[in-house]
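Heads up: the structure comes next, in structure tokens.
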Amino acid sequence: MKKLSLFCVLFAGMTILYSCAQNKKDTAVNEKTVFGKLPDGREVYQYTLTNKSGATVKVINFGAIVTSLTVLDRKGKLEDVVTGYDSLQGYMDGSSYFGAIVGRYGNRIGKGQFTLEGKNYQVTVNDGVNHLHGGKIGFSKELWTANTVQDSAGPSLQLTYISKDGEEGYPGKVTLSVTYTLTDKNELRIAYKGTTDKTTILNPTHHSYFNLSGSFNNTILDHLLTIEADSITPVDKGLITTGKYLDVTKTPMDFRTPTSIGARINDKFEQLAFGKGYDHNWVLKNYSKGKLRKAAEVYEQKSGRLMTVYTDQPGLQFYSGNFLDGTAKGKGVSYQLRTGLCLEAQCYPDSPNKPEFPSVTLKPGEVYQQTTIYQFTTK
Ligand code: BGC
């Protein structure tokens with residue numbers, strides 16, 4: 001009898017312990033730590049979101065930057081799949097836009113000039129004679145305000161930046177909120193919402209460099225890429241779109257079936273020469289304002305990691321890390337050529353000067369919205 005009751009007590013105890021462990025696993029964790037201090041004394045925080053499977057995303061409120069993203073491989077091992085620096089200084093000095101939200105205008109505007117409602121504007125020129133990713137400072141080097149938000153899909157963080165009228169030459173005061181959610185389905189969901197008080201342009205995007213292999217000593221050349229697009233918007237030498245469309249059929253730009261990034265990257269093809277590799281906008285199929293659809297897939301065979309990108313945007317910039325040259329360092333490595341790839345959901349580059357492209361104009365009373373999802377599975 002004594003033995004039986006001892007057994008019952010032990011059994012009950014183990015059941016309680018097990019259910020506590022289960023509960024802990026079911027609880028999404030949001031942690032906040034100090035990441036660094038800006039020269040003017042303002043503190044920068046890092047937030048860690050952990051979902052039910054243990055995947056994590058770390059985000060700082062400087063540039064709304066994703067500093068780390070750990071996801072499972074085929075064997076259940078969590079590894080970081082985005083490049084990053086080790087300190088705030090790295091992000092302040094860096095010129096590669098690691099993990100950031102870039103804006104007001106992601107990508108290039110020819111000569112930094114455009115006309116809106118009959119008025120000419122000149123925005124900062126920071127890429128040769130052109131404007132790139134919001135200018136000298138842009139949204140990616142500003143401090144945002146962060147708030148944790150409740151979302152039944154998983155842990156969530158909202159970051160907001162208010163961009164002053166005239167900042168980098170852009171008209172109107174713009175308020176942009178970006179919400180990162182690490183869903184329990186292992187998706188990094190990025191939802192944008194923007195408003196303005198004067199007619200302006202808005203085209204923000206996310207700039208993580210992904211490497212699904214689990215080691216940044218590997219390049220991304222053997223990653224298999226699929227892009228849901230029949231054409232690209234070709235560019236000139238300065239990487240400004242020509243306004244034309246180029247059919248990808250029988251060119252190295254055809255990623256309609258899974259193809260390794262390295263297979264044709266050195267082919268003699270004018271567009272690849274201009275981009276020093278892939279650095280182009282793909283015209284995504286089935287664009288319909290506000291409608292989310294599959295845009296791309298990246299598969300890394302050794303780890304089994306598969307990343308699927310969904311977006312409601314008309315275009316996707318695929319950048320194969322052609323300007324990484326070992327200068328940027330972090331996570332124990334110097335990032336060498338093509339050790340990360342970006343898939344930036346956006347409107348077509350230089351669209352303010354190309355009336356035939358979808359519009360990026362935002363007027364008072366309107367709400368800019370974008371949803372882009374990077375989903376992680378294995379196969
Ligand atoms: C652009 C590249 C640029 C890079 C900056 C990409 O989005 O397409 O041309 O060099 O950002 O790191």
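Each residue takes its place number in the sequence, starting with 1. Counting starts at 1 for both ligands and their atoms, following the listed order. What's counted below: heavy atoms across the whole structure, side chains too, no hydrogens, waters or symmetry copies.
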Which atoms of ligand 1 sit under 4.0 Å from any heavy atom of His133?
1 (C), 6 (C), 7 (O), 11 (O)
Consider ligand 1: state whether an atom of it lies below 4.0 angstrom from any non-hydrogen atom of Ser96.
yes
Counting the benzene-type ring for Trp, do Tyr85 and Tyr335 have ring centres under 6.0 Å apart?
no
Within ligand 1, which atoms have a heavy atom of Glu344 less than 4.0 Å away?
6 (C), 7 (O)
What protein heavy atom sits nearest atom 10 (O) of ligand 1, and how far away is it?
Phe323 CD1, 3.1 Å
May I ask you to establish whether Arg264 and Phe255 are in a cation-pi arrangement, using a distance under 6.0 Å from NZ or CZ to the six-membered ring centre and at most 45° from the ring axis?
yes
When distances are taken from atom 4 (C) of ligand 1, the protein heavy atom at minimum range is Tyr319 CE2, 3.8 Å
Test of understanding: given a 4.0 Å heavy-atom threshold, classify the contact between Arg108 and ligand 1 as side chain, backbone, both, or neither.
side chain
Side chain or backbone of Tyr209 under 4.0 Å from ligand 1, or both, or neither, by non-hydrogen atoms?
side chain
When you measure from the centre of the six-membered ring of Tyr299, is the NZ or CZ of Lys379 under 6.0 Å away and within 45° of the axis?
yes
Ligand 1 N/O within reach of Asn107 N/O, cut-off under 3.5 Å:
no
Taking the ring centre of each residue, are Phe210 and Tyr374 less than 6.0 Å apart?
yes
For the residue pair Ser320 and Arg338, what are the closest heavy atoms and their distance?
O-CG, 3.0 Å
Is there a side-chain hydrogen bond (donor to acceptor under 3.5 Å, both in side chains) between Ser177 and Thr160? Walk through the geometry before answering.
CA-CA 4 Å; Ser177 287; Thr160 303; 3.0 Å; yes
What is the nearest protein non-hydrogen atom to atom 5 (C) of ligand 1, stated with its residue, atom name and distance?
Tyr97 CD1, 3.7 Å
Quick one: nearest non-hydrogen protein atom to atom 1 (C) of ligand 1, plus distance?
Asp279 OD1, 3.5 Å
Check whether the side chains of Gln317 and Thr205 place a donor and an acceptor atom closer than 3.5 Å, and report yes or no.
no
